[in-house]
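So the structure is just underneath, and the comments pick up after that.
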Amino acid sequence: MTTTWQECDDCAHRLDERDAAVRCPHCAGLLSVHHAPVLTGNALREHFATSPSPSGVWRFGAVVMPDAGADMVSHPEGNTPLIERQQLARWADVTRLQFKHEGHNPTGSFKDRGMTVAMTQARRVGASAVACASTGNTSASLAAYAAQAGLPALAIIPEGQIALGKLAQTLAYGARTVMIDGDFDDCLRLMDAVSAELGVYLVNSVNPWRIEGQKTIGLDLLRQRQWQSPDWIVLPAGNLGNTAALGKAIDEAMTWGLITRRPRIVAVQAEGAAPFADAFARGFDRLVPAEAHTIATAIKIGAPASYARGVRAIRSTDGLVVSVSDREILEAKVAIDAAGVGCEPASAATLAAIRKLRRAGTIAEDDDIVAILTGHLLKDPTIVTELHGSDSTVPGLANRPVRIANTLDAVAAVLFPAQ
């Protein structure tokens with residue numbers, strides 16, 4: 001039904017879809033997966049709609065990995081909800097706002113979409129072990145899917161820079177976890193060497209099959225909207241794999257006649273880890289790596305590996321790259337959490353950016369917006385307890401627990417304070 005191959009982004013060298021390479025063997029460039037589906041337009045939309053797969057990734061298997069077969073490793077994942085909360089739309093001063101909550105995936109983040117495909121490819125190529133560098137979400141997903149696939153797993157993480165919830169998952173699911181003195185970028189450089197010298201299969205977002213899985217965030221939300229494009233899709237941006245994946249989804253959806261209008265991408269970085277936003281402000285002249293500092297650990301990356309792909313995604317969608325402060329991230333997180341939705345800090349950068357762009361007049365009040373929340377609230381429980389604890393350093397945002405007498409009157413006074 002679909003012809004599929006891999007191709008180097010830089011030199012256009014082609015590889016078979018079952019080739020185990022993660023980078024081009026000729027120039028070391030990043031690889032992309034290409035598909036030529038037989039079905040397009042309404043026929044392809046109907047194919048997706050009638051898929052028997054319980055997975056919101058493998059529903060789109062014909063344009064992700066058509067020949068996965070018995071090698072498929074699926075939890076299942078995907079089929080995450082589109083959520084609307086009027087109080088959050090009012091907070092950002094817009095009228096049409098939806099949240100695509102990827103924290104509803106099996107391990108609590110969007111990484112499961114890419115990992116199900118990358119782990120399936122690991123099986124297809126006969127990998128003896130799988131590995132990743134991670135700020136936490138990738139290692140948690142790697143560990144869970146490797147356990148399901150029966151493959152040994154290695155995670156390299158920056159010591160002291162990974163949220164407790166993510167570390168707990170990585171350890172619990174059985175990955176061999178090593179910590180180094182350095183940041184994520186140091187971890188990825190070491191992992192590249194490990195992959196090249198020791199022959200383990202790398203499943204970071206430089207892996208083209210990770211991108212194939214992650215692009216289904218875009219396909220999924222478009223399907224949920226009956227293939228009607230929003231004006232804007234806003235997402236957090238760290239290593240830029242997700243930005244690249246979303247751009248790929250939009251390009252393919254246009255090429256295959258699934259949509260008739262491109263939504264504009266807004267990639268959001270934290271001010272303390274904003275090399276992509278800085279490059280955008282300079283017209284994407286070059287990437288200048290930065291020393292990353294932010295509470296949003298999932299996007300605490302100073303040298304994004306998918307920079308060139310991210311640039312293409314922003315340019316092809318006439319998109320934007322913006323940065324927001326840690327304070328703005330916390331304010332947005334408190335609003336999202338208090339709406340009963342919840343997310344990890346990096347996810348909240350999306351709502352913070354929407355408010356910022358609305359105040360600047362870049363986004364109109366009645367623009368149609370989808371914000372992608374990439375991770376679950378419990379991915380980073382420490383920041384929640386610190387934010388709302390008795391020693392909170394941001395008292396204006398804190399919902400502190402209070403000590404009361406063991407009486408009904410004391411409970412009533414807290415629940416129904418005097419006006």
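Predicted model, so just to flag it, every value in this text is computed and none were measured.
Side-chain N/O atoms of Q87 and R90 include no donor and acceptor closer than 3.5 Å. Side-chain atoms of R261 and Q228 include no donor-acceptor pair closer than 3.5 Å. Side chain to side chain, T294 and D326 meet the donor-acceptor criterion of an N or O pair below 3.5 Å. No side-chain donor from either of S325 and E271 sits under 3.5 Å from a side-chain acceptor of the other. H104 and E102 share no side-chain donor-acceptor pair at under 3.5 Å. A donor-acceptor contact under 3.5 angstrom links the side chains of Y201 and N207, judged on distance only. Between the side chains of S347 and T374, at least one donor N or O lies within less than 3.5 Å of an accepting N or O.
Not a single donor-acceptor pair under 3.5 Å links the side chain of K215 to the backbone N or O of I250. Without hydrogens or angle criteria, K379 side chain to G136 main chain gives no donor-acceptor distance under 3.5 Å. Of the possible polar contacts, none joining the T350 side chain to the V234 backbone as a donor-acceptor pair under 3.5 Å is found. With hydrogens and angles disregarded, a donor-acceptor distance shorter than 3.5 Å links the side chain of D112 to the backbone of T107. Within the 3.5 Å criterion, the main-chain N or O of F48 finds no donor-acceptor partner in the side chain of S51. No side-chain donor-acceptor contact under 3.5 Å links E84 to the backbone of L97. In this structure, Q6 contributes its side chain and P208 its backbone to no donor-acceptor pair below 3.5 Å. Without hydrogens or angle criteria, R210 side chain to G114 main chain gives no donor-acceptor distance under 3.5 Å. Between the side chain of Q224 and the main chain of T80, a donor-acceptor pair closer than 3.5 Å is present. Not a single donor-acceptor pair under 3.5 Å links the side chain of Q98 to the backbone N or O of L82.
Environment of CG in D16: crowded, with over 12 heavy atoms of neighbouring residues, nucleotides or ligands closer than 6.0 Å. Summarising the local packing, CE of M179 is surrounded by 12 or fewer heavy atoms from other residues, nucleotides or ligands at distances under 6.0 Å. Atom CZ of R96 has more than 12 neighbouring heavy atoms from other residues, nucleotides or ligands inside a 6.0 Å radius.
Summarising the geometry, atom OG belonging to S205 is positioned 8.5 Å from atom CG belonging to N242; distances are rounded to the nearest 0.5 Å. To the nearest 0.5 angstrom, D67 atom CG is 5.0 Å from E17 atom CD. A distance of 6.0 Å separates OG1 of T135 from CG of N137, quoted to the nearest 0.5 Å. The distance from the CD atom of Q169 to the CD1 atom of I162 is 9.5 Å, given to the nearest 0.5 Å. Rounded to the nearest 0.5 Å, atoms CG (L44) and CG (L219) are 9.0 Å apart. Atoms OG1 and CD, from T297 and Q161 in turn, are 9.5 Å apart once rounded to the nearest 0.5 Å.
N79 is listed as a side-chain neighbour of R59, based on a closest heavy-atom distance under 4.5 Å. Side chains of W5 and L31 form no contact here, defined as non-hydrogen atoms less than 4.5 Å apart. Side-chain contact between I336 and W91 is absent, with no heavy atoms from C-beta onward closer than 4.5 Å. Within the 4.5 Å cutoff, the side chain of L246 has no heavy atoms near those of the I217 side chain. Side-chain contact between V322 and Q269: absent, with no pair of heavy atoms (C-beta onward) separated by less than 4.5 Å. With contacts defined as side-chain heavy-atom distances shorter than 4.5 Å, the pair N105/R113 qualifies. Contact of the D183 side chain with the K300 side chain is not registered, since no non-hydrogen atoms from C-beta on lie closer than 4.5 Å. Counting only heavy atoms from C-beta outward, the side chains of L287 and P304 approach each other to under 4.5 Å.
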If you apply the rule side-chain contact (heavy atoms from CB on, under 4.5 Å), what do you find for M65 with Q121, and how did you get there? CA-CA 9 Å; M65 182 185 285; Q121 179 70 352; 3.6 Å; yes
K111 vs T138, side-chain hydrogen bond (donor to acceptor under 3.5 Å, both in side chains): CA-CA, chis, key distance, verdict: CA-CA 6 Å; K111 303 287 187 178; T138 300; 3.2 Å; yes
Stepwise side-chain contact (heavy atoms from CB on, under 4.5 Å) test for E252 and M254: CA-CA 5 Å; E252 291 177 343; M254 286 289 294; over 6 Å; no
Steps toward salt bridge (charged side-chain N to carboxylate O under 4.0 Å, His left out) verdict (D380, K166): CA-CA 7 Å; D380 195 347; K166 303 170 188 179; 5.9 Å; no
Assess whether salt bridge (charged side-chain N to carboxylate O under 4.0 Å, His left out) is satisfied between D251 and R262, documenting all intermediate values. CA-CA 8 Å; D251 285 346; R262 292 177 187 269; 2.4 Å; yes
Given R358 and D93, is the salt bridge (charged side-chain N to carboxylate O under 4.0 Å, His left out) satisfied, shown in steps? CA-CA 7 Å; R358 175 72 190 101; D93 190 30; 3.4 Å; yes
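Ion pair K248/E212 flagged as a salt bridge, since at least one NZ, NE, NH1 or NH2 atom sits closer than 4.0 Å to an Asp/Glu carboxylate oxygen. A salt bridge links D220 to K100: at least one charged side-chain nitrogen sits closer than 4.0 Å to a carboxylate oxygen. By the 4.0 Å N-to-carboxylate-O rule, D337 lies close enough to K333 to be salt-bridged with it. Between D9 and R309 there is a salt bridge, since a side-chain N of the basic residue sits under 4.0 Å from a carboxylate O of the acidic one. Between R264 and D367, no side-chain nitrogen of the basic residue sits less than 4.0 Å from a carboxylate oxygen of the acidic one, so the salt-bridge criterion is not met.
The side-chain contact (heavy atoms from CB on, under 4.5 Å) search around A349 returns V268, V324, I329, not counting sequence neighbours. Applying the ring-ring contact (aromatic ring centres under 6.0 Å, His included) criterion to F99, with sequence neighbours excluded, gives no partner residue. Applying the ring-ring contact (aromatic ring centres under 6.0 Å, His included) rule to F280 yields the partners F284; only residues at least two apart in sequence or on another chain are considered. Under the side-chain contact (heavy atoms from CB on, under 4.5 Å) criterion, A133 pairs with F184, C187, L188, M191, N204, not counting sequence neighbours.
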Counting only pairs under 3.5 Å, give me each side-chain donor-acceptor contact of residues 144-156, with atom names and distances, residues two or more places apart or in other chains.
unit_1: Y145; atom_1: OH; unit_2: E77; atom_2: OE1; d: 2.5
unit_1: Q148; atom_1: NE2; unit_2: S74; atom_2: O; d: 2.7

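Screening residues 190-208 for salt bridge (charged side-chain N to carboxylate O under 4.0 Å, His left out) gives R23-D192 as the qualifying pairs, with residues at least two apart or on separate chains.
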